[in-house]
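Below is one structure, written out as structure tokens; the observations come after it.
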Amino acid sequence: MAAMSFTMGLNLVLLVAMVATNILSLYHLSSTTTFFKQNPQISTSTQVPNHLLRELHTIRATINHLTRLNPPSRATHAPPRPSDLVTLSHLSPIPTSCHDNPELLHQYMNYTAFELCPKDAHVAESLILRGCHPLPRRRCFSRTPANPRLSVVDSNVIWSSYPSVTCRSFKCINPKILGFDPNNNNNINNNLEVGKQEFMVYRSDLDLTIPQLLDIAKRGGSVLRLGIDIGGGSGSFASKMKERNVTVLSTTMNLGAPYSEVNAIRGVVAMHAPLQQRLPVFDGVVDLVRCGHAVNRWIPVTMLQFLLYDVDRVLRGGGFLWVDHFFSKGDDLETVYKPLIVKLGYKIVKWATGNKMDSSGVKNGEVYLTALLQKPKSR
């Protein structure tokens, strides 16, 4: 703050000095011109008065000294700001995190207006993951797959847009990653094979099936119409709820597979948004929010608090929060995460825990939590 004040002070002094120099110069020229007109016999080589020269020299010396103290900024390492970015900065403020990543931001905004946008989906996602969201708008034509057909699932993805994805076809992506097999009889909507069991079969207390969820809501006098699936992956939950006339929006990122495109293929909407993004819906308008595998102990506690309270913001009175297979260390669940969830003041409809039995879970003493909580109908 002090440095900023000092800089502003120097700039003000420079401005005053320059104005004073111009005024004295104009005064000298006008007085000399008038003197010559009145005395045409006088030679134009008449000397400038010494006191005026001294004042001019003093002002110039001051300007030179201040310039040395506060040299003009020459950020040659920083790329020039594209004109569109300057325009957007005035139309709508760009998130601070965008300015914190100038090289990526410049790369994203370095395009030719009114032409095809660059193949830079990976740049956009890198910015989003760093908190630059929503991204600045651009005036270029989005690239779309040539001749996309639902019967040929690979035709719906521009694979070259994802340089980090080594597999360039659904044929080599493990169906377990997607939650369904898009190559099975080319029938996307039936959720065949792998996806058929998901959310439908009860294996342990950690599971909550869709029929159970709908029954709980019905017995509680609550209607499920709209929902949000945080970290919804390929949209398996949303597509199954769609079959039951429940609209679910999924937040997802294309990490390791084109999840957003898969959601679209299955006829559900994916919001390309990170976990730190404020949910882009109005207050108290959804009936259900599910937190999937993306919401786990790797999220900083403060960030998780903001996430849960944003969930509370969008849930209507009587709506449900479903924490699905949240995992953490056993001790942390009791001392950190349970108090955090209970503090919401929701009615606990289901609370089940179990050991996480994969190699990472055994090594770190991790446990799963599945919980269904109902928001109070009034505060």
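Computed from a predicted model, the values in this text were never measured in an experiment.
Using a 4.5 Å cut-off on side-chain heavy atoms (C-beta onward), Leu213 and Leu288 make contact. Between Trp159 and Pro258 there is a side-chain heavy-atom pair separated by less than 4.5 Å. In this structure, Pro376 and Tyr346 have side chains that are in contact, with non-hydrogen atoms separated by less than 4.5 Å. Contact annotation: the side chain of Tyr368 never approaches that of Phe326 to less than 4.5 Å [non-hydrogen atoms, C-beta and beyond]. With contacts defined as side-chain heavy-atom distances shorter than 4.5 Å, the pair Val301/Val336 qualifies.
Paired with Phe199 under the rule side chain to side chain contact (heavy atoms under 4.5 Å, CB included), one option of Asp207, Ile210, Leu208, Thr209 passes, and it is Ile210.
A donor-acceptor pair under 3.5 Å links the side-chain atoms of Asp287 to the main chain of Arg225, judged by distance alone. In this structure, Lys350 contributes its side chain and Asp205 its backbone to a donor-acceptor pair below 3.5 Å.
Taking the ring centroids of Phe327 and Trp298, they lie at or beyond the 6.0 Å cut-off.
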Can you list the steps and then say if Lys240 with Glu198 is a salt bridge (charged side-chain N to carboxylate O under 4.0 Å, His left out)?
-> CA-CA 9 Å; Lys240 286 184 172 61; Glu198 196 174 9; 5.1 Å; no

Stepwise salt bridge (charged side-chain N to carboxylate O under 4.0 Å, His left out) check, Asp154 with Arg149 | CA-CA 9 Å; Asp154 280 350; Arg149 291 172 291 168; over 6 Å; no

So Asp229 and Thr251, side chain to side chain contact (heavy atoms under 4.5 Å, CB included) or not? Walk me through it.
-> CA-CA 6 Å; Asp229 190 10; Thr251 70; over 6 Å; no

Take Arg244 and Leu214 through the test side chain to side chain contact (heavy atoms under 4.5 Å, CB included) and record every step on the way to the result.
-> CA-CA 9 Å; Arg244 291 155 179 83; Leu214 296 175; 3.6 Å; yes

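Here the shortest heavy-atom pairing between Pro274 and Ile128 reads CD-CG2, 3.3 Å. For the residue pair Arg138 and Pro118, the shortest heavy atom distance occurs at NH1-CD, 4.1 Å. Arg266 and Gly235 make their closest contact through NH1-C, 3.8 Å (heavy atoms, listed as atom of the first residue, atom of the second, distance). Here the shortest heavy-atom pairing between Ser328 and Leu333 reads OG-CB, 3.6 Å. Taking both residues in full, the closest heavy atoms of Ala124 and Leu135 are given as CB-CD1, 3.6 Å, listed atom of the first, atom of the second, then distance.
Using a 4.0 Å cut-off between charged nitrogen and carboxylate oxygen, Asp100 and Arg130 do not count as a salt-bridge pair. Under the 4.0 Å criterion applied to side-chain N and carboxylate O atoms, Arg313 and Asp310 are assigned as salt-bridge partners.
Atom SG of Cys291 sits about 9.5 Å away from atom CG of Asp324, to the nearest 0.5 Å. Between atom CD of residue Glu125 and atom SG of residue Cys132 there is a gap of 13.0 Å, rounded to the nearest 0.5 Å. Put simply, CD1 on Ile216 and OG on Ser222 are 11.0 Å apart, with the number rounded to the nearest 0.5 Å. We find the OH-CE distance between Tyr259 and Met253 to be 12.5 Å, quoted to the nearest 0.5 Å. The distance from the CG atom of Leu373 to the CG atom of Asp312 is 11.5 Å, given to the nearest 0.5 Å.
No side-chain N or O of Ser250 forms a donor-acceptor pair with one of Arg290 less than 3.5 Å apart. Looking only at atom types and distance, the side chain of Glu261 has a donor-acceptor partner in the side chain of Asn254 under 3.5 Å away. Side-chain contact, His133 with Gln276: no donor N or O sits under 3.5 Å from an acceptor N or O.
Both tests pass for Lys338 against the ring of Trp351: distance under 6.0 Å to the centre and angle within 45° of the axis.
Under a cut-off of 6.0 angstrom, the local environment of CZ in Phe306 is sparse, with at most 12 non-hydrogen atoms contributed by other residues, nucleotides or ligands. For Asp331, the CG atom is loosely surrounded, since the number of other residues' heavy atoms within 6.0 Å does not exceed 12.
In the hydrophobic clustering of ILVMFWY residues, with side-chain heavy atoms under 4.5 Å counting as a link, Val323 and Leu275 come out together.
Ring planes of His325 and His293: tilted class, angle from 30 to 60°.
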